[in-house]
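Here's the structure we're looking at; comments come further down.
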Amino acid sequence: MDNEEIAKVFNKIADLLDIKGVQFKPRAYRRAAREIESLSRGVVEIYRDGNLENIPAVGENIAEKIAELIETDGLEYLEKLKEEIPIDPGLLKVRNLGPKKAKKIWEELGVTTIDQLEKAISEGKVRELSGFGKKSEKNISKGLKIVERTRGKYLINEVLPVGGTIKGKLLDSNLFDKVRVAGSLRRHKYLIGDIDILGTSLNPNKAMDFYTGLEEVDEVISKGETKSSVRLDNDIRIDLRLVAGDSFGAASQYFTGSQPHNVRLRELAISQGYKLSEYGLFRADNEEKVAGETEESIYEKLGLNWIPPELREDRGEIDAAKMGKLPQLITEGDVNGDLHCHSTRSGDGKNELADLADEAAKRGYSYLAVTDHADAPGVISGIKEGDVEEHIAQIRALNERYDDVHLLAGVEANVQPDGSFRLSDGALEQLDIVVAGVHSHFDMEEEGMTERLLRAIAHREVNIVAHPTGRKVGERDSFSLNWEKVFDKARECNTALEINASPSRFDLDDRLIKGAIDRGVKLSIGTDSHQLRHLDFMQLGIYLARRGWAQESDVINALRYEELISWLEK
DNA sequence: GCCGTTTTCGGCCCGACTGTTTTCAGTCG
């Protein structure tokens, strides 16, 4: 039981209590979950020390439940609740369906799963419930479609470590010569359906025995000499394929995909008198194998530069490779800092300024922007007009203590419906950096929303527009924008658009990143960190940037400190 | 279920918006 698992349990309890209509307790459990998630120490360790109740929001009762979870790996209280309310947790992720409506459709229609909800809607049953109507039905239906698009898929950050662990174990067994993670995970897509792993082995039977016998394996779906599929205890599916060593490159190319990329590549092979398969590149006339041991050899024979996996989506990469015009994709080493982070000054931020500075130094950053919420809506308190000076002063004082890391004093200012800000121009002017973000009124029509964003982009103190589409993965669609206008204005005003690296957002997405770059817009990769470990999201942001064809020169946080400062002057 | 210069009980964020109502309930941010 790690911190995240325990937090998950408490969030689930909160959901179920919400449905029961219990007041205030859900809030208590959610608070506890959030505190536990953001701890830097392991809860198990704290438990051993007998200090559970020192954790904020953890009292006698929740401490007892944590102890039970650690000791027994389960929780009777949760099991009872689940029995009482057999609603699938996924159902509560549907937008426009809150606890009250979920309760109603369960009690009156017996709906407990997403499938049943879809059926009930298509049968017209939902709209007939009192308190529901045609509009409610339509809104829930919309929510269902968003869930549908991400169903059964995992975020890259959930799958990445799993792929790494399994690969490591296979290699350590000495039963495999080569092992490579392929598929969409190698292409660093942000949503992953399953993991594809490719290997070579001199002893396929033993190798497959070892693989299907791994301790993480919950179910063996199929098992053969060249292909076995398993489902892990965390429900992720992994396919392992064994190939001959001299086909490893061809198989690697084939199983990395994407399918459209492969189709284009095969057409190209045919046009040059070859045949390309997962076994290799062959001459069409006499079946002679001309390449296959490495990916490079295949691309080279076809007259192409080797194409980085992130680009293999049939979005022009094959033509670019033919002409030697593939981008030199940005790498982790190119990034010199993070330009979107929150401190405790944001109501929802956990980072102390000094910790942020230490962490930035540890990562070898030369700068980090502290961009706390300014007058954000809802519960999140933040920087008000009168707080700006103190915010700046604290950061300046801290900077005295560091030679190589510079904290930048900034805000994430809320773009109001008319495109203006609550903070005065005078206050914004004093800050080193201003990140502008839309956090309310998402449903505006395209024209109004575009005007709103254009005005923010054009503001002379605004440097970056955070999470420009407002999309939340699996939760909320992008709002409507005229992207040509947005890109043109951003280039004209030297305002960067953000690649928000937080897995809940991944915004801009790869297509829009490419679109922005094609129109000469600068990008900023920001983690939107609310906790120190969120700074790790930078890697995911770089993957996303690479999928959007970004080079070092497209990204402002690849600039050196002095260069960045002069860029921020607009 | 937690917490405390409101301190061992009483309070816990709240306004905007939407849809379903005929004065309000539910959801979202």
Side-chain angles (χ1 to χ4, degrees), chain A residues 6-7 9-36 52-69 75 77-78 80-81 91-108 126-144 146-147 342 346-348 373-382 412-418 422 437-445 448 466-467 470-472 474-477 479 502 504-505 507 528 530:
Chain A
I6 290 172
V9 168
F10 289 154
N11 278 322
K12 195 177 277 176
I13 290 173
D15 283 344
L16 293 173
L17 290 174
D18 256 338
I19 293 175
K20 274 185 80 171
V22 177
Q23 286 209 300
F24 307 118
K25 282 194 200 183
R27 196 185 114 95
Y29 278 103
R30 287 208 176 89
R31 276 190 56 205
R34 217 173 44 225
E35 291 294 342
I36 289 165
L52 282 178
E53 289 190 48
N54 289 344
I55 302 170
V58 174
E60 198 182 334
N61 280 285
I62 290 187
E64 261 174 37
K65 291 190 171 71
I66 295 173
E68 187 182 335
L69 280 165
L75 187 62
Y77 179 63
L78 175 62
K80 268 196 192 150
L81 275 175
L91 198 62
L92 299 168
K93 295 241 162 69
V94 177
R95 259 177 93 70
N96 304 314
L97 183 73
K100 299 288 163 60
K101 289 195 159 153
K103 185 177 190 204
K104 188 132 198 170
I105 59 166
W106 162 51
E107 284 179 338
E108 306 207 0
V126 171
R127 75 180 80 161
E128 282 164 12
L129 296 173
S130 80
F132 290 62
K134 272 191 179 168
K135 290 266 179 80
S136 303
E137 183 184 273
K138 203 178 148 210
N139 284 335
I140 294 170
S141 207
K142 251 200 246 168
L144 273 174
I146 297 172
V147 168
H342 294 269
S346 295
D348 56 350
H373 286 294
D375 277 325
V379 295
I380 300 169
S381 63
E412 180 178 8
N414 194 27
V415 183
Q416 301 191 90
D418 67 354
R422 286 246 190 91
V438 169
H439 295 97
S440 66
H441 302 86
F442 303 110
D443 288 334
M444 289 168 64
E445 297 292 326
H467 39 75
R471 184 268 305 264
K472 282 208 161 177
E475 257 184 63
R476 186 172 70 210
D477 275 335
F479 35 70
S502 166
S504 62
R505 293 197 181 262
D507 173 15
D528 209 344
H530 286 69

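Naming convention: chains lettered A, B, ... in sequence-line order (proteins, then strands); numbering from 1 in each chain.
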Expressed as a whole number of Å, how far does the [atom1] atom of [N] sit from that of [M]?
| N | M | atom1 | value |
| --- | --- | --- | --- |
| B:dC2 | B:dT6 | P | 22 Å |
| B:dG26 | B:dT20 | P | 13 Å |
| B:dG10 | B:dT18 | C1' | 33 Å |
| B:dC14 | B:dT8 | C1' | 28 Å |
| B:dT27 | B:dT21 | P | 14 Å |
| B:dC13 | B:dG29 | C1' | 12 Å |

When the distance from [atom1] of [X] to [atom2] of [N] is rounded to whole Å, what number comes out?
| X | N | atom1 | atom2 | value |
| --- | --- | --- | --- | --- |
| A:Glu128 | B:dT20 | CD | C1' | 16 Å |
| A:Glu137 | B:dT27 | CD | C1' | 18 Å |
| A:Ile62 | B:dC3 | CD1 | C1' | 12 Å |
| A:Asn414 | B:dG15 | CG | C1' | 14 Å |
| A:Arg471 | B:dG29 | CZ | P | 15 Å |
| A:His373 | B:dC13 | NE2 | C1' | 16 Å |
| A:Phe442 | B:dT18 | CZ | C1' | 16 Å |
| A:Leu92 | B:dG26 | CG | P | 15 Å |

Looking across every strand, which nucleic acid part, if any, lies under 4.0 Å from [X] by heavy atom: base, sugar-phosphate, or nothing?
| X | result |
| --- | --- |
| A:Glu60 | sugar-phosphate |
| A:Lys65 | sugar-phosphate |
| A:Asn139 | sugar-phosphate |
| A:Lys25 | base |
| A:Arg476 | sugar-phosphate |
| A:Pro99 | sugar-phosphate |

Report the relative orientation of the aromatic rings in A:His530 and A:His373; use parallel for angles under 30°, tilted for 30 to 60°, perpendicular for over 60°.
->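 Tilted: the ring planes of A:His530 and A:His373 meet at 30° to 60°.
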
Measure up the A:Tyr29 and A:Phe10 rings against each other and bin them: parallel (under 30°), tilted (30 to 60°), perpendicular (over 60°).
->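 Geometry flag for A:Phe10 against A:Tyr29: tilted rings.
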
Indicate whether OP1 or OP2 belonging to [N] is found under 4.0 Å from a side-chain N or O atom of [X].
| X | N | answer |
| --- | --- | --- |
| A:Lys134 | B:dT20 | no |
| A:His441 | B:dC17 | yes |
| A:Ser136 | B:dG26 | no |
| A:Arg95 | B:dG29 | yes |

Donor-acceptor pair, A:Ser504 side chain versus A:Lys472 backbone, under 3.5 Å?
->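 The answer is no, because no donor-acceptor pair under 3.5 Å joins these two groups.
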
Base paired to B:dT8 (Watson-Crick or G-U; both N/O distances under 3.5 angstrom) |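 Base partner found: none.
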
Are more than 12 heavy atoms from other residues, nucleotides or ligands located less than 6.0 Å from atom NZ of A:Lys104?
->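 Buried by this count: over 12 neighbours within 6.0 Å.
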
Any chance CG of A:Asn54 has more than 12 other-residue heavy atoms, nucleotides or ligands included, within less than 6.0 Å?
->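 It does: A:Asn54 CG has more than 12 such atoms within range.
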
So which one's nearest nucleotide on DNA chain B is more toward 5', A:Asn61 or A:Phe24?
->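 That would be A:Asn61.
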
Between A:Ala57 and A:Leu97, which has a closest nucleotide on DNA chain B that is more 5'?
->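 In this pair, the answer is A:Ala57.
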
What nucleotide among B:dG26, B:dC12, B:dC3 has an atom nearest to a side-chain atom of A:Arg31?
->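 Within the option list, the nearest is B:dC3.
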
Looking at the side chain of A:Lys101, which of B:dC12, B:dG29, B:dG26 is the nearest nucleotide?
->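 My answer, after comparing the listed nucleotides, is B:dG26.
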
Apply the salt bridge (charged side-chain N to carboxylate O under 4.0 Å, His left out) test between A:Asp18 and each candidate in A:Lys103, A:Arg30, A:Lys101, A:Lys25; give the one that qualifies.
->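 When A:Lys103, A:Arg30, A:Lys101, A:Lys25 are each tested with A:Asp18, the salt bridge (charged side-chain N to carboxylate O under 4.0 Å, His left out) holds only for A:Arg30.
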
Inter-residue atom distance A:Asp507.CG - A:Arg471.CZ, 0.5 Å rounding |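 That separation rounds to 6.0 Å.
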
